[in-house]
Amino acid sequence: MSKQQKTAITPTRAEDYPEWYQQVVRAADLAESSPVRGCMVIKPWGYALWENMQSVLDDMFKSTGHKNAYFPLFIPISYLEREAAHVEGFAKECAVVTHHRLEAGEGGKLVPSGELEEPLIVRPTSETIIGETFAKWIQSYRDLPLLINQWANVVRWEMRTRLFLRTTEFLWQEGHTAHATQAEAEEETLKMLDVYADFAENWMAVPVIKGEKTEGERFPGALNTYCIESMMQDRKALQAGTTHFLGQNFSKAANIDFLDEAGNRIFAWTTSWGVSTRLIGGLIMTHADDDGMVIPPKIAPSHLVILPVLRKDSDQAAILEYCRKIKEELEQKGYAGGNVRVEIDNRELRGGEKMWSWIKKGIPSWIEVGPRDMESDSVFFGRRDLGPKERKGIGRQEFIDTFIQVLDEIQDRLLKRAWAFRETHSVEIDFEEDFYAFFTPENDHRPEIHGGFALAHYSGDPDLEAKLQNDLKVTVRCIPQMDKPEPGTCIFTGKPSAQRVVFAKSY
């Protein structure tokens, strides 16, 4: 009987998926829990990944006419009270500030003092305070459309937290726009959904399904909510981004009105949309393996690490100079809207230890350079999308000349691999008993082992969706966008169904 292959991450995905996820975050040096319950410290490698995501998305937003601004962290409670559905949707997640100073108490303890006349909410999202500002900025149809984006942090008081996926405080962007007509606002909502899908698939190598949320899953106060849904390696769905058509609900609450060309005063039509550091969690659960993180080259903090092999009897200065020249040549090459990013790791560690530290961090590629490689003008090359033993020697100039092509190959291979996984675990289901069987765990001790994405006809009954969530922890992830929707019959009620929807367990 052959020995079980060792992996850098234990437990493996198959043994304990939730714990595997935590260990990947730790081994890749992405983040760690903070002293404040439910919050996280994002470490340099993880924050560099977020910065790259920010940079790409920011360019995409600006290319579609949006400008960045910043709005206050604190929101007067009265602002939330104006939009009943909104405050109801976020009430249980709000952190509330009631005092404005600390005073010394007994035993040297500090106690809150100076009660505020009106409590302040630490923003869970900014619709209400931005709406108040928009009401000042917008007076005429000439002020529209107003297209604003904010990069910020938000706070939602979560009971069960997991690094990147669900934390009390997280980083995100939130777009907020105002328009003269309903058609313009709806067009904006769908346009930004396309931007998110483009980013997910072409930069993160994460395939997504675009669609509309059901009434029960809509953003509080919105008329329509749209989303991109992706499948993780445990076959659960992750909502990776949302856009919301808010209609005139927030405009009426905040009095965002304007004079149109005919001199009539009407309320603006508004939208909002956002993605967060949850994208990093999605990236991990889409691409990482039992050896650690795997990062698509287009958003990787670095594309290549050079590992000098510095033996005592070798000309260490010559080897380091050889490595520096490779780094300089590669960094002159353009890739993914910037330049190739290269690191040289000359820490005093054993070669294998250094290599595995970078494998666990998910760097797309690495080369080892020792005395023999320098003498033969070559490098020893490894790729993160392949097995760690699938390294090979290659001439230095050939390596430099083909490096961009290799990065493109890695990016493309990761996307195709994720597509194939999703397709393997997505099925059309036409009978209720098959649906229940699909989502029933194969092993009572492994409840995460279930089907994946079920495409089934559904009548849209909210009570039915609540029953499925109670019975199976399954929800309608989205009503997917389709060129030619296929009408049918709801597999649960026998009522007419306009098209198949996507059911799944989710994060």
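These numbers come from a predicted model, not from an experiment. We count residues from 1, following the sequence as given.
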Visitor: Assess whether side-chain contact (heavy atoms from CB on, under 4.5 Å) is satisfied between D58 and W151, documenting all intermediate values.
Guide: CA-CA 9 Å; D58 201 57; W151 291 98; 2.9 Å; yes

Visitor: Write out all pairs satisfying side-chain hydrogen bond (donor to acceptor under 3.5 Å, both in side chains) with one or both partners inside residues 202-212, taking only residues at least two apart or from two chains.
Guide: D194-K210, D198-N202, E212-N224

Visitor: What distance separates I42 CD1 from L49 CG, expressed to the nearest 0.5 Å?
Guide: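 It is 10.0 Å, given to the nearest 0.5 Å.
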
Visitor: Is the closest side-chain heavy-atom distance between M53 and V275 below 4.5 Å?
Guide: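 No. Closest side-chain heavy atoms not under 4.5 Å.
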
Visitor: Nearest 0.5 Å, please: how far is CD1 in I148 from OG in S126?
Guide: 12.5 Å

Visitor: Enumerate donor-acceptor pairs with a distance under 3.5 Å from any side-chain N or O in residues 128-136 to protein atoms, sequence neighbours excluded.
Guide:
residue : atom : partner : partner atom : Å
E132    : OE1  : R82     : NH1          : 2.5
T133    : OG1  : I129    : O            : 3.1

Visitor: Any donor-acceptor pair under 3.5 Å linking the side chain of R477 with the backbone of F503?
Guide: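 Checking the backbone N and O of F503 against the side chain of R477, no donor-acceptor pair under 3.5 Å is found.
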
Visitor: Taking all heavy atoms of A504 and all of F453, pick out the closest pair and write down the distance.
Guide: CB-CD1, 3.6 Å

Visitor: To check you understand the geometry: which heavy-atom pair defines the closest contact between A268 and S251, and what is its length?
Guide: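 Minimum heavy-atom contact is O-OG, 2.6 Å.
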
Visitor: With a 4.5 Å limit on heavy-atom distance, are the side chains of L259 and Q139 in contact?
Guide: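 When only atoms from C-beta onward are counted, Q139 and L259 do not touch, as no gap falls below 4.5 Å.
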
Visitor: May I ask you to check whether T475 and E217 show a side-chain donor-acceptor distance below 3.5 Å?
Guide: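 Absent: no donor and acceptor within the cut-off.
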
Visitor: Are any of the side-chain nitrogens in K467 or D463 under 4.0 Å away from the carboxylate oxygens of its partner?
Guide: no

Visitor: Using side-chain heavy atoms (C-beta onward) and a distance below 4.5 Å, is R384 in contact with I363?
Guide: no

Visitor: Check salt bridge (Lys or Arg N to Asp or Glu O under 4.0 Å) between E215 and all other residues, then give those that pass, not counting sequence neighbours.
Guide: none

Visitor: For K473, enumerate each residue passing the side chain to side chain contact (heavy atoms under 4.5 Å, CB included) test, keeping only those at least two apart in sequence or located in another chain.
Guide: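 Expected list: none.
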
Visitor: Do you know the tightest heavy-atom contact between H303 and N339?
Guide: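 Looking at all heavy atoms of both residues, the shortest contact is CE1-O, 3.9 Å.
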
Visitor: Given side chains that start at C-beta, do those of F90 and W157 come closer than 4.5 Å, heavy atoms only?
Guide: no

Visitor: Taking atom CE of M285 and atom CZ of R13, what is their separation to the nearest 0.5 Å?
Guide: 13.0 Å

Visitor: Between the main-chain N or O of L163 and the side-chain N or O of Y21, is there a donor-acceptor pair closer than 3.5 Å?
Guide: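 Flag set: sc Y21 to bb L163 pair under 3.5 Å.
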
Visitor: Mind listing the closest non-hydrogen atom pair of I209 and C478 along with its distance?
Guide: CG2-SG, 3.8 Å

Visitor: Under a plain distance cut-off of 3.5 Å, with no hydrogens placed, do T271 and E188 share a side-chain donor-acceptor pair?
Guide: no

Visitor: I need the T277 OG1 to E169 CD distance, nearest 0.5 Å.
Guide: 9.0 Å

Visitor: Output yes when a side-chain donor or acceptor of H287 lies under 3.5 Å from a complementary backbone atom of A418, and no otherwise.
Guide: no

Visitor: Which residue pairs pass the salt bridge (Lys or Arg N to Asp or Glu O under 4.0 Å) test with at least one member in residues 138-161, sequence neighbours excluded?
Guide: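 Of all non-adjacent pairs touching residues 138-161, those that pass salt bridge (Lys or Arg N to Asp or Glu O under 4.0 Å) are E158-R166.
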
Visitor: For D257, give me all partners under salt bridge (Lys or Arg N to Asp or Glu O under 4.0 Å), at least two apart in sequence or on another chain.
Guide: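 Applying salt bridge (Lys or Arg N to Asp or Glu O under 4.0 Å) to D257 gives R265.
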
Visitor: Can a cation-pi geometry be assigned to K416 and W419, taking NZ or CZ under 6.0 Å from the six-membered ring centre and within 45° of the ring axis?
Guide: no

Visitor: List in chain and number order the residues that pass side chain to side chain contact (heavy atoms under 4.5 Å, CB included) with H425, two or more places apart in sequence or in another chain; answer none if no residue qualifies.
Guide: M231, R235, F421

Visitor: So, using side chain to side chain contact (heavy atoms under 4.5 Å, CB included) as the criterion, who are the partners of E19 when residues are at least two apart?
Guide: P11, D16, Q22, Q23

Visitor: Which atom names give the shortest non-hydrogen contact between T286 and Q233, and what distance separates them?
Guide: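 Reported closest heavy-atom pair: O-NE2, 3.3 Å.
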
Visitor: Say whether, by atom type as modelled, one donor and one acceptor occur between the side chain of S230 and the main chain of V208 under 3.5 angstrom.
Guide: no

Visitor: Just wondering, more than 12 heavy atoms not from E331 lying within 6.0 Å of its CD?
Guide: yes

Visitor: Which pairs count as side-chain hydrogen bond (donor to acceptor under 3.5 Å, both in side chains) when at least one residue sits in residues 41-53, sequence neighbours excluded?
Guide: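 Checked against side-chain hydrogen bond (donor to acceptor under 3.5 Å, both in side chains) - neighbours excluded - the pairs reaching residues 41-53 are D29-K43.
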
Visitor: Do other residues, nucleotides or ligands put more than 12 heavy atoms under 6.0 Å from the CD atom of E187?
Guide: no

Visitor: Ignoring hydrogens and angles, tell me if any N or O in the side chain of R123 forms a donor-acceptor pair with the backbone of F71 under 3.5 Å.
Guide: yes

Visitor: Say whether, by atom type as modelled, one donor and one acceptor occur between the side chain of E118 and the main chain of S78 under 3.5 angstrom.
Guide: yes

Visitor: Between atom CD of E81 and atom CD1 of I121, what is the distance when rounded to the nearest 0.5 Å?
Guide: 8.5 Å

Visitor: My understanding is that only residues two or more places apart in sequence, or in another chain, count here; which of them pass side chain to side chain donor-acceptor pair (under 3.5 Å) with D260?
Guide: none

Visitor: Strictly under 6.0 Å, is that where the ring centroids of F492 and H457 end up?
Guide: no

Visitor: For R500, enumerate each residue passing the salt bridge (Lys or Arg N to Asp or Glu O under 4.0 Å) test, keeping only those at least two apart in sequence or located in another chain.
Guide: E428, D430, E486

Visitor: Measure centre to centre between the rings of F435 and F439, then say whether the value is under 6.0 Å.
Guide: yes

Visitor: Donor-acceptor pair, distance only, cut-off 3.5 Å: does the side chain of Q499 make one with the backbone of I479?
Guide: no

Visitor: Ion pair present between K213 and E229, side-chain N to carboxylate O less than 4.0 angstrom?
Guide: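 Looking at E229 together with K213, the answer is yes, because their closest N to O distance falls below 4.0 Å.
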
Visitor: Within this structure, what is the CG-CH2 distance for the pair L223 and W269, rounded to the nearest 0.5 Å?
Guide: 7.5 Å

Visitor: Which heavy-atom pair separates P364 from I410 by the least distance, and what is that distance?
Guide: O-CD1, 3.7 Å

Visitor: Among residues two or more places apart or on two chains, list those pairs meeting side-chain hydrogen bond (donor to acceptor under 3.5 Å, both in side chains) that have a residue in residues 241-250.
Guide: T225-H244, T242-H244

